Amino acid sequence: MAFRKFLPMFDRVLVERLAAETMSKGGIMLPEKAQGKVLQATVVAVGPGSTNQKGYLTPMSVKIGEKVLLPEYGGTKVHLEDKEYFLFRDADILGKYVE
């Protein structure tokens, strides 16, 4: 519900990273240091898009609810109502998962 109060500007995308896996495929509990950084996220809010040199609005390439692949580093951490979100530019998102 916090993201309903927050609207990203221009070509920004607000995402919530998926939880890290705490168990291996074999059933072994993984310590926090052994867990890799989660690069998958769900889009929770998108801005209207950016404007090009002629002043036309460039539409966003992702929509709310889509699962995306993020770069390992980057993004701005945002805390909204005790939850952690990240802001990325639309161009920084590496790809989206198609079901």
Side-chain angles (χ1 to χ4, degrees):
M1 298 303 161
F3 49 86
R4 293 179 193 230
K5 298 176 186 176
F6 183 84
L7 179 65
M9 299 298 291
F10 304 112
D11 65 339
R12 302 281 199 266
V13 178
L14 185 70
V15 297
E16 182 178 11
R17 287 188 190 257
L18 299 179
E21 291 191 25
T22 57
M23 268 195 177
S24 70
K25 291 180 182 177
I28 299 172
M29 296 289 288
L30 296 173
E32 212 171 286
K33 284 190 174 186
Q35 295 173 5
K37 191 171 187 180
V38 179
L39 302 179
Q40 297 176 3
T42 303
V43 177
V44 293
V46 294
S50 62
T51 55
N52 60 16
Q53 292 178 345
K54 294 184 179 181
Y56 296 114
L57 189 68
T58 304
M60 300 294 282
S61 60
V62 294
K63 295 182 176 100
I64 295 173
E66 290 183 329
K67 294 197 183 318
V68 295
L69 180 66
L70 302 173
E72 190 170 355
Y73 300 104
T76 303
K77 191 183 296 188
V78 179
H79 290 279
L80 299 171
E81 295 183 6
D82 300 330
K83 280 192 147 189
E84 190 175 87
Y85 299 96
F86 290 88
L87 267 176
F88 284 91
R89 286 187 181 270
D90 188 36
D92 290 342
I93 293 175
L94 302 176
K96 59 183 175 180
Y97 294 97
V98 180
E99 293 178 15

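Computed from a predicted model, the values in this text were never measured in an experiment.
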- Task: Report the distance from atom OG1 of Thr42 to atom CD1 of Ile64, rounding to the nearest 0.5 Å.
- Result: 12.0 Å

- Message: Within the 4.5 Å heavy-atom criterion, are Arg12 and Arg89 side-chain neighbours or not?
- Response: yes

- Taking all heavy atoms of Met9 and all of Pro48, pick out the closest pair and write down the distance. C-CD, 4.4 Å

- Query: What is the minimum heavy-atom distance between Phe88 and Ile93, and which atoms define it?
  - Reply: CB-CG1, 4.4 Å

- Task: State, to 0.1 Å, how close Val15 and Ala41 come at their nearest heavy-atom pair, and which atoms those are.
- Result: CB-CB, 3.8 Å

- Message: Could you check whether any side-chain heavy atom of Asp11 comes within less than 4.5 Å of a side-chain heavy atom of Thr58, counting everything from C-beta outward?
- Response: no

- For Lys96 and Ser61, indicate whether the former's side chain and the latter's backbone hold a donor-acceptor pair under 3.5 Å. yes

- Item | Side-chain heavy atoms of Val13 within contact of Pro8, under 4.5 Å | no

- What distance separates Leu69 CG from Leu94 CG, expressed to the nearest 0.5 Å? 5.0 Å

- Item | 4.5 Å side-chain heavy-atom contact, Phe86 and Leu70 | no

- Message: Looking at every non-hydrogen atom in both residues, tell me the closest pair between Pro71 and Arg17 and how far apart they are.
- Response: O-NH2, 4.5 Å

- Item | Flag if over 12 foreign heavy atoms under 6.0 Å of OH, Tyr56 | no

